[in-house]
Amino acid sequence: MNGLVRSAHRVIQGCVKNTGIASALVSRAQAPVKRDFTRGIWHMSCSKRMDGPVATSLLHNHSNTCNCGCGLKALHTKGERELVEFLTEEIVAERKAQKLKTLPTEVDGFKVNGTGAEVLLSKTLKDEVINVTFNVNHTVDSDDFGEGDVQPEKQEFSEMRSKPQFEVDVVRGDTTLGFTCSFLQDPPTSNADEYNDIFGIDEVTLYKGEWNDKVYAVAGDVLDGYLYDLLMNLLEEKGISNEFVQKLSDFSTGYEHAAYINLLEGISKFTIGKQ
């Protein structure tokens with residue numbers, strides 16, 4: 001392992017984090033990537049349909065339970081009708097785009113337990129338990145092409161991937177060694193002399209019982225370089241390697257996509273009145 005190279009790479013990554021961390025946090029919390037590229041196309045085609053004979057028929061075909069002229073039970077406005085029509089088409093398109101039709105119950109030996117947007121990956125090693133937790137909300141970003149890459153003509157949009165910040169807890173008895181980790185912004189190089197980490201340590205802490213605000217934690221970018229390398233090696237021994245983190249991203253991408261489709265279906269049912 002080339003500790004000096006890795007340390008230098010970590011310093012560069014720390015500079016990138018420090019200059020952009022505030023905007024990154026705002027981006028995660030307030031400005032997630034939107035899947036809005038189909039909306040304009042649909043709306044243009046929909047506006048034409050709304051002026052056609054079908055729309056006119058709907059407006060004059062009153063149902064027995066609705067007096068607004070929408071022609072459909074429980075749909076009371078034109079906006080609601082347009083929303084349901086769009087969601088119907090969008091759900092079909094998103095299901096076709098799904099890469100993981102069925103989510104796995106294990107990821108690289110870690111058992112999966114998902115509740116809403118929260119995911120827990122857990123594995124037992126002798127006298128300790130390794131827990132990896134993350135939240136898929138606001139974690140989706142597009143895999144952009146590099147400056148020298150040529151985008152295929154038929155690929156109109158880059159793939160959307162989920163790269164969440166994740167917590168790694170090594171639990172022994174009532175004591176927990178905790179790490180907060182995140183994906184590095186710069187992709188690893190192909191130089192064999194460099195240590196190509198795709199993730200880094202943001203924070204390290206150690207506590208007994210339940211975590212609380214009084215527990216001390218140290219930022220990863222102020223750790224001694226050699227200590228940082230040793231902690232990364234420890235994580236790898238516990239199964240938190242580059243390969244595992246890549247699989248975590250693959251799973252998180254599929255999990256987030258399924259949650260997005262469920263949300264679309266829920267909005268559609270809510271609008272129709274079938275809750």
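The structure presented is a predicted model; accordingly, all values stated were derived computationally and were not measured.
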Between Leu120 and Ile240, is there shared hydrophobic-cluster membership here, with clusters defined by ILVMFWY side-chain heavy atoms closer than 4.5 Å? no

Is it true that a side-chain atom of Glu80 and a backbone atom of Thr77 form a donor plus acceptor pair closer than 3.5 Å? yes

Pair Cys181-Leu235, side chain to side chain contact (heavy atoms under 4.5 Å, CB included): steps then yes or no: CA-CA 11 Å; Cys181 302; Leu235 285 174; 4.1 Å; yes

Could you give all pairs that pass the ring-ring contact (aromatic ring centres under 6.0 Å, His included) test and reach residues 111-130, with sequence neighbours left out? none

Taking only residues two or more places apart in sequence, or in another chain, which ones meet Ile267 in a side-chain contact (heavy atoms from CB on, under 4.5 Å)? Leu83, Leu87, Leu263, Thr271

Partners passing side-chain hydrogen bond (donor to acceptor under 3.5 Å, both in side chains) against Thr88 (at least two apart in sequence or in another chain): none

Step by step, work out the side chain to side chain contact (heavy atoms under 4.5 Å, CB included) result for Met232 and Glu236. CA-CA 6 Å; Met232 287 291 290; Glu236 186 172 6; over 6 Å; no

Is the closest side-chain heavy-atom distance between Asp213 and Val215 below 4.5 Å? no

Sequence neighbours left out, what pairs pass side-chain hydrogen bond (donor to acceptor under 3.5 Å, both in side chains) with at least one residue falling in residues 105-122? Asp108-Lys247, Glu118-Asn135, Ser122-Asn131

According to a 4.5 Å side-chain heavy-atom criterion applied to Ile, Leu, Val, Met, Phe, Trp and Tyr, with indirect links allowed, do Val129 and Val107 form part of one hydrophobic cluster? no

So, does Asp197 use its side chain to make a donor-acceptor pair with the main chain of Phe199 at under 3.5 Å? no

Is any side-chain heavy atom of Val132 closer than 4.5 Å to a side-chain heavy atom of Leu248? yes

So, the side chain of Asp169 versus the backbone of Val171: is there a donor-acceptor pair under 3.5 Å, distance only? no

Please tell me if the side chains of Phe166 and Ser182 come closer than 4.5 Å, counting only heavy atoms from C-beta onward. no

Would you name the heavy atoms of Lys123 and Gly239 that are closest together and state the gap between them? NZ-CA, 4.2 Å

Is any side-chain heavy atom of Lys163 closer than 4.5 Å to a side-chain heavy atom of Asp141? no

Closest approach of Val136 and Glu256, non-hydrogen atoms and distance? O-CG, 3.8 Å

side-chain contact (heavy atoms from CB on, under 4.5 Å) partners of Asp250, counting only residues at least two apart: Arg161, Gln246

Under 3.5 Å, is there a donor on one side chain and an acceptor on the other for Thr253 and Ser162? no

Is there side-chain contact between Glu90 and Arg95, with at least one heavy-atom pair below 4.5 Å? no

Side-chain heavy atoms of Val119 within contact of Thr133, under 4.5 Å: no

How close do Pro164 and Phe134 get, heavy atom to heavy atom, and via which atoms? CG-CD1, 3.7 Å

Atom of Gly254, atom of Leu103 and distance for their closest heavy-atom approach: C-CD2, 3.7 Å

Single-linkage hydrophobic cluster Leu125~Phe179, side-chain heavy atoms < 4.5 angstrom: yes

Please name the pair of heavy atoms, one in Lys238 and one in Phe110, separated by the smallest distance, quoted to 0.1 Å. O-CZ, 4.0 Å

Show the nearest heavy-atom pair for residues Ser252 and Thr139, with the distance to one decimal. OG-OG1, 4.5 Å

Same cluster for Tyr216 and Leu206 if Ile/Leu/Val/Met/Phe/Trp/Tyr side chains link at under 4.5 Å? yes

According to side-chain hydrogen bond (donor to acceptor under 3.5 Å, both in side chains), does anything in residues 171-181 pair up with another residue at least two apart or in another chain? List the pairs. Glu128-Arg172, Glu167-Thr180

Under 3.5 Å, side chain of Tyr228 to main-chain N/O of Ile201, donor-acceptor pair present? yes

Interatomic spacing from OG in Ser241 to CG in Asn233 - rounded to 0.5 Å: 12.0 Å

Under 6.0 Å from the NZ atom of Lys101, do we count more than 12 heavy atoms belonging to anything else shown? yes

Test Phe251 against Val112 for side chain to side chain contact (heavy atoms under 4.5 Å, CB included), laying out the working first. CA-CA 10 Å; Phe251 175 84; Val112 175; 3.4 Å; yes

Taking atom types as modelled, is there a side-chain donor on His257 or Glu94 under 3.5 Å from an acceptor on the other? yes

Between Leu227 and Leu231, does a side chain to side chain contact (heavy atoms under 4.5 Å, CB included) hold up when you go through it step by step? CA-CA 6 Å; Leu227 173 59; Leu231 290 174; 4.2 Å; yes

Check the hydrophobic clustering (I, L, V, M, F, W, Y; side-chain heavy atoms under 4.5 Å; chains of links allowed) and say if Leu234 and Val170 are grouped together. yes

